Chemist: 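I have a structure here, written as structure tokens, and I will follow up with some questions on it.
Since the model is a prediction, treat every value here as computed from it, not as a measurement.
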Amino acid sequence: MKDLINKNGLTVQANAKHVFEELMRGTGSVMGEGLSIFIEKPTVHEKQIVVSRAAAGGRAAESRKFLPNRFQEAWELFVGWGPGE
């Protein structure tokens, strides 16, 4: 996985620690080629991590939601959906 950026277009290192920090204390969004991971706040007191990928090669667009304490699962999905998957 390479070339990740935040909502402001600044580079984010492609590792779990830096992405987690960006989600929780930064812009709340990290994007790569055809995929993203971001924080969604459905209510004032709730947060969810959303992992999303764009449609490509006959595959439909897809997204999955995780509670913040399940970040590791969200990260594994984000990495698994990386380019070439």
Chemist: Which atom pair, heavy atoms only, marks the closest approach of Pro68 to Met24?
Modeler: CB-CE, 3.9 Å

Chemist: Give, for atom CD of Gln48 and atom CD of Glu40, the distance between the pair rounded to the nearest 0.5 Å.
Modeler: 5.5 Å

Chemist: So Ile37 and Phe66, do their side chains get closer than 4.5 Å, heavy atoms only?
Modeler: no

Chemist: To the nearest 0.5 Å, how far apart are CG in Leu77 and CZ in Arg70?
Modeler: 12.0 Å

Chemist: When you measure from the side chain of Asn8 to the backbone N and O of Leu10, does any donor-acceptor pair fall under 3.5 Å?
Modeler: no

Chemist: Going hydrophobic residue to hydrophobic residue with side-chain gaps under 4.5 angstrom, can you get from Phe20 over to Phe78?
Modeler: yes

Chemist: I'd like to know if Val30 and Val79 are part of one continuous hydrophobic network [Ile/Leu/Val/Met/Phe/Trp/Tyr, side-chain heavy atoms within less than 4.5 Å].
Modeler: yes

Chemist: Taking the side chain as every heavy atom from C-beta outward, state whether Gln13 and Leu4 have any pair of such atoms under 4.5 Å apart.
Modeler: no

Chemist: What heavy-atom pair brings Leu23 and Ile39 nearest, and what distance separates the two atoms?
Modeler: O-CG1, 3.5 Å

Chemist: For the residue pair Val51 and Leu35, establish whether any side-chain heavy-atom pair is separated by less than 4.5 Å.
Modeler: no

Chemist: To the nearest 0.5 angstrom, please state how far the OG atom of Ser52 sits from the NZ atom of Lys65.
Modeler: 10.5 Å

Chemist: Hey, what do you get for OG1 (Thr11) to CG (Asn6), rounding to the nearest 0.5 Å?
Modeler: 8.5 Å

Chemist: What is the distance from atom CH2 of Trp81 to atom CZ of Arg64, rounded to the nearest 0.5 Å?
Modeler: 4.5 Å

Chemist: Do Ile5 and Ile49 share a hydrophobic cluster (ILVMFWY, side-chain heavy atoms under 4.5 Å, transitive)?
Modeler: no

Chemist: In terms of hydrophobic clusters joined by side-chain contacts under 4.5 Å, are Met31 and Phe38 together?
Modeler: no

Chemist: Is it the case that the side chain of Arg53 and the backbone of Gly82 share a donor-acceptor pair, with hydrogens and angles ignored and the cut-off at 3.5 Å?
Modeler: no

Chemist: How about Gln72 and Glu76: do any of their side-chain heavy atoms sit closer than 4.5 Å?
Modeler: yes

